[in-house]
Amino acid sequence: MSAAGIVVDGLRKRYGATVALDGMSFAVRPGVVTGLVGPNGAGKSTTMRVILGLDAVDEGTALVGGRPYRSFRHPLKHLGSLLDAGALHPGRSGRDHLLWLAHAQGLTARRVDQVIEQVGLAPAARRKAGGYSLGMRQRLGIAAALLGDPPVVMLDEPFNGMDPDGIIWMRGFLRSLAAQGRAVLVSSHLMNEVQDTAAHLVVIGRGRVVADAGLAELIAAASRNRVALRTTAAAQALRVLAEAGARVTGGGRDAVVVSGLSAEQVVALLGRSAVPFSEVSAHRATLEDVYLELTGGAVEFRAGAPSEVAL
Amino acid sequence: MTIARRLSRSGRRAGGNSFARVLHAEWTKFRTVRRWVSGMAAAALTLVLFALLAGASSNQQGSPPVPTGPDGGPVTDSFYFVHRPLAGDGSVTVSVSALDSSIPKGPGDLRPGIVPWAKAGLVIKASTRQGSPYAAIMATASHGVRMQDSYVNDTAGPPGPVSPTSPRRLRLDRSGETITGHASTDGTTWTEVGSVRVSGLGSTAQVGLFVASPPAVGGGGTSVSVSTATFTDLRTHGGWAADDWAADPSGDTWTGTQVGAESPTFAGYPDNGSGSVTRSDARFTLTGAGDIAPAVRDSLPTGGHLRDILTGTFAALIAVIVVGTLFVTEEYRTRMIHVTLAASPRRSRVLVAKAMVLWSVTFAAGLVGAVLAAPLGERLARGNGVYLFPVSFASELRVTVGTAALLATASVLALCVGSVLRRSAGAVTTVVVAMVLPYVLIAVPFMPASVSTAVATVTPGAAFAVQQTLVPYAQVASNYTPYYGYYPLGPWSGLAVLAGYAVASLTVAVVLLNRRDA
């Protein structure tokens, strides 16, 4: 595995009886935006805290550029992160917030003013951060993450609280970071927030990775060997197809999704049993479907080696 | 590629002193939150305001002046004196055969009692003016024969009390400025008790008998006492050899005088009584109250001392404790601690840097406050006629610097407790209870001495000892308790107790910060 980016391997952590991380493993490569998606409580924030050395794990390792985060003398020059945009003193100005961070890394006020410019916070930089909107705090947090000009950037739910303009800005911004060759990890609990930004997705549920693949691969894999069937005799079709070994799920009023058989096989089977149908077509999964399917069951699913999903 | 190159360059640049950078970051953090800076300024201002208030609030204009001794220190110089002027060198002897004291047990109810430092003996004194130079040899109720001079000097002679069956003979010799005291049980064998130089006696000094009876100490306060002594065989020798007074008992050459009848350091006689002398032949019976001794806090209740001027310390303490706590707990409340520890993963350095920044800032604020407060308050108080116990420059410097160090160390204690508890309210309460409660307990007059002494020994409040300027005297029985300004520990030992608490809590805080998830 490449030393650049982030590599987490076999992270396990429990809080009392609750298992927060259950063998979490994935890698974040340079030059792409990797989306870390999963429902609330799946372990996204915990994983990020572990990467930053804030939380200790019971097992496993998390490396940034091949080294544990806590071994860096000036870590913000290796990994810029934003965990919580509200994590600032309300009585301190945005600029002063960046200034102490800069001083901790041996950077100067000039660098602070550069990143303020970069995130478009200049007009508010000298106001108390307590008066910032959530969107402004997100921008301030991004500025802090960029302060050390790091090769790796990690942001927890950066779209939270952003207005539509902000979301568009953020997407472009993240893509430009990746285009500069940086490894970018962005978490979200909403698939549509990352689908236009991330080229690679790590889907997690219940503390472990359920899918780790490129966006296109994921959709293709989820669509593979699925047939959308429109019929007025759904019960009959269900019985016939199940006898042939297919898995059938309800899709709509007259529609079912068949997996395990090709469209040709479905047509032949239904014809032989004289089950009426109006349409048979290849099923095209949406990312949302993939996400719900994966995280709902939290069953391991990897592109390239698909194991069928039991619903 | 560019990133990799940039990385390796920044890796090399990172070789600087990274602790200095953590320190710099924490300093930037502190100075950029206006409320913390104002909190420190308020602490300094509080010291000054309370000093002005203390200086302005008491007005003792027109009260009798506090007598001071040859070294400038306040003294008690009130006693019953039977004397005559004697010129040049000579000797005087007398036998003390009884010394009995009475203490009021209730209004109008004087009963015999023990006043350990009741004194009866011979004294040579420049004049009957309070504070004038003297030397004396005396029998005491419980401390044997003593030779004393200049109010503060005390030398022990033969032990044991006096009684009609075992009287004590005393002798005082003058040779120029040298006064020598002797004691004897039989009048033949004399033991030298002490020999002292007393300047300013003049060629003709007042020589004679005296009785003093300092207030009895008990129950956290004092009650006035009175003592009566019987003297026989009063004789003068050498250059002072008898003219005709011994042969003519009716000759009124000896005068009875109450020295220092009106004095802030003299509590008077029980039940408005007075001193007296009765004489038959060479037998004198003297009744007297008061003392010849350095003044202490409860013999000079109207006197102020530096601690009173710096009474704003407790309010300043609350301010610095709050700021010290918030310096870390607000990071936990806002979860900014995650940002801090992500920027500086070596956690112990962060806490140590915070402690150093906080200590220095608080010390500077405290020093500015104390340096202004002490002289301003003192000037104002003196202007209002308040007598202040004198303080040497070194002591005043120690109190000023010590007060700043006390505030600084207390704020670091608050920081560490805040880091352990992660909650502002809990940490502020804990440290206020640990620091300000001892202050209050010490300031309560009816607190038993054992309690206030324990509080001033084992709690972080022991550090208030750094403000003490009063000196206890072995030869003056008094309430040497923290309430009166006398601490069980020395100034720096007291401060060391607080520093011990701060270091211990810093250690716990560092261990927990490293062990716990942020």
Side-chain angles (χ1 to χ4, degrees), chain A residues 3-4 13 15 30-31 46 48-56 65 68-84 86-93 95-97 99-107 128-130 141 144-145 147-152 180-183, chain B residues 1-39 326-327 329-347 349-350 353 357 513-518:
Chain A
K13 182 175 179 66
Y15 297 102
T46 305
M48 289 191 166
R49 281 203 305 274
V50 169
I51 292 169
L52 289 172
L54 296 173
D55 284 13
Y69 184 84
R70 288 181 73 170
S71 71
F72 292 118
R73 200 182 278 266
H74 294 120
L76 300 197
K77 293 175 179 173
H78 302 271
L79 169 62
S81 61
L82 169 60
L83 288 195
D84 176 0
L88 42 80
H89 195 284
R92 197 179 276 130
S93 76
R95 187 176 183 276
D96 287 337
H97 177 74
L99 195 59
W100 75 255
L101 266 173
H103 289 160
Q105 308 299 307
L107 299 168
K128 283 186 177 180
L147 201 55
D149 192 14
V152 188
Q180 289 160 9
R182 295 178 221 261
Chain B
M1 270 314 122
T2 55
I3 288 172
R5 228 177 296 127
R6 205 157 48 218
L7 242 179
S8 71
R9 237 190 302 125
S10 71
R12 251 180 284 120
R13 264 208 314 272
N17 185 347
S18 64
F19 180 68
R21 285 171 182 176
V22 180
L23 211 54
H24 189 187
E26 291 301 330
W27 162 238
T28 306
K29 270 187 198 172
F30 189 92
R31 69 174 173 80
T32 53
V33 174
R34 193 174 300 159
R35 281 168 62 185
W36 298 345
V37 176
S38 333
L326 293 184
F327 192 29
T329 53
E330 295 220 315
E331 291 212 11
Y332 279 103
R333 186 174 61 80
T334 61
R335 277 171 299 188
M336 198 184 94
I337 191 75
H338 291 160
V339 184
T340 296
L341 296 182
S344 309
R346 291 171 160 184
R347 298 183 180 184
R349 290 181 169 207
V350 171
V357 165
L513 186 63
N514 278 321
R515 188 174 293 173
R516 295 196 289 207
D517 285 344

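Note that the coordinates shown come from a computational prediction; the quantities given were computed from them, not determined experimentally. Sequence lines set the chain letters: A, B, ... in the order given, protein chains first and strands last, and positions in each chain run from 1.
The shortest non-hydrogen separation linking B/D517 to A/A56 is OD1-N, 2.8 Å. When all heavy atoms of B/A343 and A/A104 are compared, the pair lying nearest together is CB-CB, 4.4 Å. Closest heavy-atom contact between A/R73 and B/S18: NH1-OG, 3.6 Å. Here the closest heavy-atom approach between residue A/L54 and residue B/A342 is recorded as CD2-N, 4.2 Å. Taking all atoms of both residues into account, the shortest heavy-atom contact from B/V339 to A/A87 is CG2-O, 3.8 Å.
In this structure, the portion of B/R333 lying under 4.5 Å from any heavy atom of chain A is its side chain and not its backbone. Using a 4.5 Å cut-off between heavy atoms, A/L99 touches chain B through backbone and side chain atoms alike. Both the backbone and the side chain of A/D55 come within contact range of chain B, judged by heavy atoms closer than 4.5 Å. Residue contact with chain A, scored on non-hydrogen atoms closer than 4.5 Å, involves the side chain of B/W36 exclusively.
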Report the C-alpha distance between B/K29 and A/H103 in whole Å, list the side-chain angles of each, state the deciding distance to 0.1 Å, and finish with yes or no for side-chain contact (heavy atoms from CB on, under 4.5 Å).
-> CA-CA 10 Å; B/K29 270 187 198 172; A/H103 289 160; over 6 Å; no
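Residue with the most contacts toward chain B among A/L83, A/L147, A/L76: A/L76 (heavy-atom pairs, distance under 4.5 Å). For the options A/L79, A/L52, A/L88, heavy-atom pairs under 4.5 Å to chain B are most numerous at A/L88.
Atom CZ in B/R21 sits 8.0 Å away from atom CG in A/L107 (nearest 0.5 Å). In this structure, CZ on B/R34 lies 5.5 Å from NZ on A/K128, to the nearest 0.5 angstrom.
Applying side chain to side chain donor-acceptor pair (under 3.5 Å) to B/T32 and the options A/R95, A/H97, A/R92, A/H89 leaves one that passes, A/R92.
The shortest side-chain heavy-atom distance between B/P345 and A/Y69 falls under the 4.5 Å cut-off.
Applying the 6.0 Å contact sphere to CZ of B/R35 captures no more than 12 heavy atoms from other residues, nucleotides or ligands. Within a 6.0 Å radius of CZ in B/R335, other residues, nucleotides and ligands contribute 12 heavy atoms or fewer.
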